[in-house]
Each structure stands twice: as C-alpha cells, then as structure tokens.
Amino acid sequence: MPEGHTLHRLAGHLADTFAGRPVHVSSPQGRFVAEAALLDRTELLGAEAWGKHLFVEFADERLVHVHLGLIGKFDVVAGPLVPPVGQVRLRLVRDDLAAHADLRGATRCDLVGPRRRDEVVAALGPDPLRADADPDRAWRRIVRSDRSIGDLLMDQAVLAGVGNVYRAEVLFRHRIHPLRPGRTLRRSQFDAIWADLVELMTEGVRTGRIDTVRPEHTPEAMGRPPRKDDHGGEVYVYRRTGMPCWICGAGVRTEGLAGRNSFWCPRCQPVFRSRARDRH
DNA sequence: CTCACATGTTAAG
DNA sequence: TTAACCTGTGAGC
C-alpha cells in the first residue's frame, strides 16, 4: 500500500473526515494508551504528509507522527462504529460516531511536537507531491553520486515518497537502467523524471492506485487481460519478472538493489554506456 | 492449511 | 547483511 501517494491521500481523507471537530482517541491494542488519553476529545486540526510520513495535527501543537512501513494500514471508515479487529494501535472516532479510522501494523506512531516534526521533515529530500518541493536539492545529490539511480530514487533523503513501484516504473518510462550511476544522468533526464513523478503520483493520490502505463499500453488498448493482483494498478515492469515487456516483448528482469527487488526491461532499458564510449 | 513475500525502515550483529 | 516489526494475500499442498 504505502508509497508517498498513499500518505497524501490519507492525509486528505483524515482531514475531510475529522478536521474541525473533537475526536475520540483511543488505543485498543494498548501500545498508545497514555498518548491517546492526552489527545482524547481534543480538536483534530488537520493532517499533512511529507513523503511517506504522516502528521495528524491536534490542538495545542500536538502531532501524531505515523509511518506505515511496509504493511501498515490506516483505514478511514464511514458508517456505524464496529469493534476493533486485530491490533488497532490508534483509533479515531468522530464525535457524531458516523466515522472512524483504525491504524494497524505501522512501524511508527508517536506523539510529537512541532520541533520533532521539523527534524523529520528536514531529513527528507524534496517530495514530488508537495508544491513547495525544490527538485534542485535532489538533482544536486544525484549528479554528484556514484550510487545507482535505482538506489538514489529509493533514498528518502534524496527524494521523498518514491517507493519500489514508482522507482521501477519511472525508470522504465524514461528508458534508464536502474544500475546506472547517478552522476551520469543528464539534467534533462532528471527533469523529465521529476515531472513524470509529479504527474504519476498526483494521479495516484486521486485514484489510490499506481497506474503507470501510457494510454496505448492499457489492457483495453492492447486487448490483454487487466492485471490481477492486490495492487490493482497497471504497470510495465514491477513484479513482472520473466513476463514479456508490453513494448518490446523481452523478458522483464529482476535483481536485488538497495535491499529491494528492482525490475527492468533489458531491451528498453539498456545498460548505460559512458560518455567516452558514446563519442566513438 | 502452511508458506513466502510484499508499495518500508530501523537497529542489531 | 540480517532480523525484526506486524498484516494481508496468493500460491501450493
């Protein structure tokens, strides 16, 4: 579930559902009880996402810092209240009882103040989903790095909010091999990647899915069955190891990179050739 | 049913 | 580099 678009979408849902009214805060699981008691029946002011970090804002400068990790979920549920299922670390209930939100499986759920929030934000690279993002900060780090672009795109200190799906897909869309060193990218390529991430991730916030195939490669356009798995979105290479590339038919490759599986098409994303060699 | 793996990060070894 | 966190899903038996 959680790349940056999930958290931005969630921030919007939480704000729409709870902002401007007192909220009942509890921790059915028991691991956030003291903090929940402090927030209980105070006003929820809003919610904001920075990369994959979420801050739920309550009165008196109190914030709940949430990170979903790999498996966490924060479900916003409209309708009558039901007993918590599983390990619900944080539950928000609207004062009219007509909606609630349950947090499960998160790696982080802390009560913090603005100072801690600022620390977390300061450690993050620019977030393509934020209008105030400065892509130059990411470019400066990428262009002077020997690390691979696949590694750099996943580094939240370089660029915030991109995860394993957007990494694989945006590199495919720009025909760049994930192992290519950051310092070999041209500015125009980075600019195109950034602009594409802004567009793709904004669409992800709108739909709640990661769809990255261009109109001519959709299941309808190609007369192929839609993707069937828990992600829902249509993609070019992510988790398609061994299957034919939608564009050239070559088998999609995979390899561990930065601790995660990276996916690419060996024909559409050829191994980088150095500038010296290009001159021949 | 059990098992492997997953859109992530941190901390221990 | 590996385990741990903690939940859900799909594949295989």
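Here is the naming used below: chain letters follow the sequence lines, and residue numbers restart at 1 for every chain.
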Taking only side-chain nitrogens and oxygens of [X], does any of them come within less than 4.0 Å of OP1 or OP2 of [N]?
X: A:Tyr166; N: B:dT7; value: no
X: A:Asn261; N: B:dA6; value: yes
X: A:Lys52; N: B:dT9; value: yes

Using atom [atom1] of [X] as one end and atom [atom2] of [N] as the other, report the distance to the nearest whole Å.
X: A:Leu171; N: B:dT7; atom1: CG; atom2: P; value: 15 Å
X: A:Arg260; N: B:dA4; atom1: CZ; atom2: C1'; value: 15 Å
X: A:His53; N: B:dG8; atom1: NE2; atom2: P; value: 12 Å
X: A:Leu70; N: B:dA11; atom1: CG; atom2: P; value: 17 Å
X: A:His5; N: B:dT7; atom1: NE2; atom2: P; value: 13 Å
X: A:Arg240; N: B:dA6; atom1: CZ; atom2: P; value: 16 Å
X: A:Leu68; N: B:dT7; atom1: CG; atom2: C1'; value: 11 Å
X: A:Arg167; N: B:dT7; atom1: CZ; atom2: C1'; value: 11 Å

Handout entry: Other residues, nucleotides, ligands: >12 heavy atoms within 6.0 Å of A:Arg41 CZ
Key = no
Exercise for the section: Kindly indicate whether the side chain of A:Val120, heavy atoms from C-beta on, has any atom under 4.5 Å from the side chain of A:Trp50. Expected result: no
Options [options], nucleotide nearest the side-chain atoms of [X]:
X: A:Arg104; options: C:dG8, B:dT7, B:dG8; answer: C:dG8
X: A:Arg108; options: B:dG8, B:dT10, C:dG8; answer: B:dT10
X: A:Gln156; options: B:dT9, B:dC5, C:dT7; answer: B:dT9
X: A:Gln87; options: B:dG8, B:dT7, C:dT7; answer: C:dT7
X: A:Lys73; options: C:dG8, C:dT7, B:dG8; answer: C:dG8

Taking atom [atom1] in both [N] and [M], compute the distance separating them and give it to the nearest angstrom.
N: C:dA4; M: B:dA4; atom1: P; answer: 15 Å
N: B:dC5; M: C:dC13; atom1: P; answer: 14 Å
N: B:dG13; M: C:dC5; atom1: P; answer: 13 Å

Handout entry: A:Asp110/A:Arg117 salt bridge by N-O under 4.0 Å criterion
Key =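 No, no charged N to carboxylate O under 4.0 Å.
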Exercise for the section: Could you tell me whether the side chain of A:Asp127 and the main chain of A:Leu129 form a donor-acceptor pair under 3.5 Å? Expected result: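 It does hold such a pair.
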Problem - Smallest separation among heavy atoms of A:Gly204 and A:Tyr166, with atom names - result: CA-OH, 3.8 Å
